[in-house]
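The structure presented is a predicted model; accordingly, all values stated were derived computationally and were not measured.
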Amino acid sequence: MGKTIAEKIFDAHLRDEPFSGTYVLDLDRVLCHEITTPVAIADLEWRGKDRVFDNTKIKAVIDHVTPAKDSKTALQGKMLRDWAHRHAIKDFFDVGHNGVCHALFPEKGYIRPGFTVIMGDSHTCTHGAFGAFAAGVGTTDLEVGILKGVCAFRKPNTIRINLTGTLAPGVYAKDVILYVIGQIGVNGATDRVIEFRGNIVDEMSMEARMTLSNMAIEAGGTSGICLPDMTTVDYLWPFIQNDYPSKEAACEDFRRWHSDEDAVYEKVLDFDVSTLEPMVTYGYKPDCVKPVGELAGARVDQVYIGTCTNGRIEDLRVAAAVLKGKKIAEHVRGIVSPATPKIFKDALKEGIIDIFMDAGFCVTNPTCGACLGMSNGVLAEGEVCASTSNRNFNGRMGKGGMVHLMSPATAAASAIAGVIADARKL
């Protein structure tokens, strides 16, 4: 009986025999930690266990609120900063070097096929785009990971989602994943791995695959995984070129992580997305999804472009192409936050930042900020935001605020129109 990619990764990292359905995995590749769980550091100190299992395999970044917006977040930053210095964490990214973790770590080459990655953030599943098993965990699991370099999971059942057809012009990975979530629901993949397959995935860039995997958690998934291929190799080549004689050799090596042809899946779902339109959420759940035409004309007060879902250079290019030579509506606040310093610099070189600013956008430093209603764009009660982020929960971007999730193209078009709008009609 064949195995899925998730099962192969589990087998490669399995430390102990399973007990009561739980498997203990070695984090022998990379363990990530970031500021969303400063309580883990405080608890380890309180317990007299202020140590790390391997300071070369822990990556740390301050990203959710940066720079600090008040005394509380300043203290959180200080806790992580002091901890990183105390344990000589080489890969610590402080203000000026930090970015949104799920964009920064792949950009640095830290994520590879077959890796096991844990972080204190649910959107860690983003890294599954590289053929890794990546999952967000709670404080206790993170503490054990820091101390022992292990983490316990139930061996995952996998749902395979085949995405086939041809994407129409103006339809992007964000539209695809919103559609999938709308079809299977927010509990459709609870405690499951989603394996994204099909020619649509094969033809996606790594940035697009990260968008796809990023929102697996919005369907309840533990991780969203894509099979590594030459696209993966091309992205990682600057970091792995000394490990392989050629890109072809690297690609062949990565194939060992591919699911077997006779792998057993809990469920296989097929979606032909050839007729898919740009999608937008309504209400307060990510599976409340409609084609943009059904929501066209709905009021928008703010447009937010960025986050670990759609803050990469590819996303900014798409939005800038819609905005070029245009102005955003007078009553709309436009905010763009490139996800990493490198993305910011690349956008500057390409003239993208100028396009955003000429259109009337405020350009901020790399941060999660407004996505979770912490800073750099919090909504007032009753306000509505068109956002490229991943969650539209009630009050997500501010108490009493409404968030509509959409692609960068749709967000840019909505900024210009002042209401939800289809970029294809501009």
Side-chain angles (χ1 to χ4, degrees), residues 2-14 23 25 27 29-30 32 102-103 105-106 110-119 121-137 151 153-164 173 176-177 180-181 184 188-233 235-236 251 253-271 308-309 390:
K3 296 180 178 179
T4 66
I5 180 173
E7 289 170 331
K8 288 185 175 183
I9 295 172
F10 262 58
D11 286 349
H13 296 269
L14 191 61
Y23 294 69
L25 303 186
L27 300 171
R29 303 301 182 95
V30 58
C32 301
H102 308 309
F105 293 164
Y110 296 151
I111 313 299
R112 312 283 176 86
F115 278 22
T116 301
V117 184
I118 67 167
M119 298 175 68
D121 183 271
S122 57
H123 289 104
T124 302
C125 53
T126 307
H127 308 300
F130 291 83
F133 177 78
V137 299
C151 193
F153 291 95
R154 288 190 294 274
K155 194 164 187 178
N157 290 324
T158 299
I159 297 173
R160 175 170 168 170
I161 294 181
N162 296 321
L163 300 169
T164 59
V176 173
I177 190 59
V180 168
I181 296 168
I184 69 175
T190 300
D191 291 332
R192 303 293 184 268
V193 171
I194 300 178
E195 185 177 304
F196 295 105
R197 299 285 293 274
N199 73 286
I200 292 294
V201 182
D202 295 340
E203 294 160 12
M204 283 182 174
S205 65
M206 284 311 304
E207 286 86 350
R209 293 178 192 181
M210 282 188 264
T211 295
L212 205 63
S213 297
N214 175 269
M215 292 189 68
I217 186 66
E218 269 64 59
T222 300
S223 189
I225 298 183
C226 302
L227 303 191
D229 58 11
M230 187 56 77
T231 301
T232 318
V233 172
Y235 186 98
L236 292 174
C251 192
D253 181 50
F254 288 173
R255 285 187 61 82
R256 64 194 165 105
W257 300 110
H258 282 207
S259 297
D260 296 325
E261 289 298 321
D262 59 345
V264 177
Y265 297 92
E266 181 176 285
K267 190 184 300 183
V268 178
L269 302 174
D270 297 299
F271 298 111
C308 60
T309 315
N390 42 45

As a quick check of understanding, evaluate side chain to side chain contact (heavy atoms under 4.5 Å, CB included) for Leu227 and Ile5, giving each step before the final call. CA-CA 8 Å; Leu227 303 191; Ile5 180 173; 4.0 Å; yes
Can you name the closest pair of heavy atoms from Ala208 and Ala173 and give their distance? O-CB, 3.5 Å
Pairwise distance CE(Met210) to SG(Cys125) - rounded to 0.5 angstrom: 12.5 Å
Taking the side chain as every heavy atom from C-beta outward, state whether Thr4 and Arg160 have any pair of such atoms under 4.5 Å apart. no
To check you understand the geometry: which heavy-atom pair defines the closest contact between Ile181 and Ala219, and what is its length? CG1-CB, 4.2 Å
Asn157 side chain vs Arg192 backbone, donor-acceptor pair below 3.5 Å: no
Verdict with supporting geometry, Cys151 and Val137, side chain to side chain contact (heavy atoms under 4.5 Å, CB included): CA-CA 9 Å; Cys151 193; Val137 299; 4.1 Å; yes
Taken to the nearest 0.5 Å, the spacing of Glu218 CD from Asn390 CG works out to 5.0 Å
Shortest non-hydrogen contact between Ser213 and Cys226, atoms and distance: OG-SG, 3.8 Å
Got a sec, which residues hit salt bridge (charged side-chain N to carboxylate O under 4.0 Å, His left out) with Arg255, two or more places apart in sequence or on another chain? none
Could you report the tightest heavy-atom contact between Gly2 and Asp262, atom names first, then the distance? CA-OD1, 3.0 Å
Answer yes or no: is there a side-chain heavy-atom contact under 4.5 Å between Ile177 and Phe196? yes
Residue Lys267 excluded, over 12 heavy atoms near NZ under 6.0 Å: no
I'd like to check Leu269 versus Ile184 (side-chain heavy atoms, cut-off strictly below 4.5 Å). Are they in contact? yes
Derivation of the side chain to side chain contact (heavy atoms under 4.5 Å, CB included) call for Met230 and Phe254: CA-CA 9 Å; Met230 187 56 77; Phe254 288 173; over 6 Å; no
For Thr232, which residues count as a side chain to side chain donor-acceptor pair (under 3.5 Å) partner, sequence neighbours excluded? Asp229
Nearest heavy-atom neighbours spanning Ala134 and Thr124: CB-O, 3.2 Å
Hey, could you give me the CG/NZ distance between Leu14 and Lys155, rounded to the nearest 0.5 Å? 7.5 Å
Got Phe130 and Leu236 here, is their nearest side-chain heavy-atom distance under 4.5 Å? yes
How many angstroms lie between atom CG of Leu212 and atom CD1 of Ile194, to the nearest 0.5 angstrom? 8.5 Å
Shortest non-hydrogen contact from Thr222 to Phe133? CG2-CZ, 4.1 Å
Quick one: does any side-chain atom of Thr211 pair with a main-chain N or O of Thr309 as donor and acceptor, under 3.5 Å? yes
Once rounded to the nearest 0.5 Å, what's the spacing between atom CZ of Arg209 and atom OH of Tyr235? 12.0 Å
Decide yes or no for Val176 and Phe271: does some side-chain heavy atom of the first lie under 4.5 Å from some side-chain heavy atom of the second? no
Side chain to side chain contact (heavy atoms under 4.5 Å, CB included) between Phe153 and Ile118, worked out: CA-CA 11 Å; Phe153 291 95; Ile118 67 167; 3.9 Å; yes
Taking the side chain as everything from C-beta on, heavy atoms only, tell me whether Arg197 gets closer than 4.5 Å to Ser259. yes
Working to the nearest 0.5 angstrom, can you tell me the gap between Met119 CE and His102 NE2? 5.0 Å
